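Letters A, B, ... mirror the listed sequences (proteins, then strands); counts begin at 1. Computed from a prediction, not measured in an experiment: that's the story for all the values here.
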Amino acid sequence: MHFWLMKSEPDVFSVDHLAARPNRTEPWTGVRNYQARNFMRDEMRPGDLAFFYHSSCPEPGIAGIVRISGRAYADATQFDSASEYYDPKATRDHPRWFNVDVTLVRKTRLFSLQELRSRPELASMLVLKRGNRLSIMPVSQREWRAIERLL
DNA sequence: GCCAACGTTGGC
DNA sequence: GCCAACGTTGGC
């Protein structure tokens, strides 16, 4: 069992969008960074939990908890020439990008980036690292529990 | 809108 | 394989 943090711009896809989906489940498509892809493809397992993090918005921070509901599979948007995530170098035989499905466990209060920074016990979090641009990153069990206690 | 950070691309 | 140029992320 591993813990994660997954970023999404709420203008594009928010925790409320996820709450409105059938079965509160959605494929996490559009990741186009190899390190983030590798986390999904190689390390995420059904049952893992992740914080749903709102980024590039007035109040960045954790807005919900999701469960990884299936193993990674080829991201369909890479094959769709009409999609902004289209990748002409990807083929059905050799897909380049993968996604998992995520299911909303619950919305949380907004646990802001500012508050994350203010907690000494959370100082180790990757999301707080200067220059970090990963959209998917691991969270330690210790960090996870510390945040859950404060939600 | 700015800009630091850093991943990707492509010429060589 | 190097590395400069370029593009993107994301907080502010």
(message) I'd like the 5' and 3' limits of the part of DNA chain C contacted by chain A, with heavy-atom contacts below 4.0 Å.
(response) C/dG7 to C/dC12
(message) I need the residues from residues 88-97 of chain A with at least one non-hydrogen atom less than 4.0 Å from DNA chain C; give them sorted by number, or say none.
(response) none
(request) Could I get the full list of side chain to side chain contact (heavy atoms under 4.5 Å, CB included) partners for A/Thr25, not counting sequence neighbours? (result) A/Asn23, A/Ser69, A/Asp101, A/Thr103
(message) Nearest 0.5 Å, please: how far is CD1 in A/Ile62 from NZ in A/Lys107?
(response) 15.0 Å
For [X], what residues pass the ring pair (Phe, Tyr, Trp, His ring centres under 6.0 Å) criterion, not counting sequence neighbours?
| X | result |
| --- | --- |
| A/Tyr34 | A/Trp97 |
| A/Phe98 | none |
| A/Phe52 | A/Trp28, A/His54 |

(request) Between A/Arg130 and A/Arg32, name the one whose nearest nucleotide on DNA chain B is closer to the 5' end. (result) A/Arg130
(request) Could you tell me whether A/Arg32 and A/Glu84 make a salt bridge, using a distance below 4.0 angstrom between a side-chain N and a carboxylate O? (result) no
(message) Do A/Asn99 and A/Tyr73 pair up side chain to side chain, a donor and an acceptor below 3.5 Å, judged on atom types alone?
(response) yes
(request) Please test A/Phe51 against A/Trp4 for ring-ring contact (aromatic ring centres under 6.0 Å, His included), starting from the C-alpha separation and ending with a verdict. (result) CA-CA 6 Å; A/Phe51 292 124; A/Trp4 306 95; over 10 Å; no
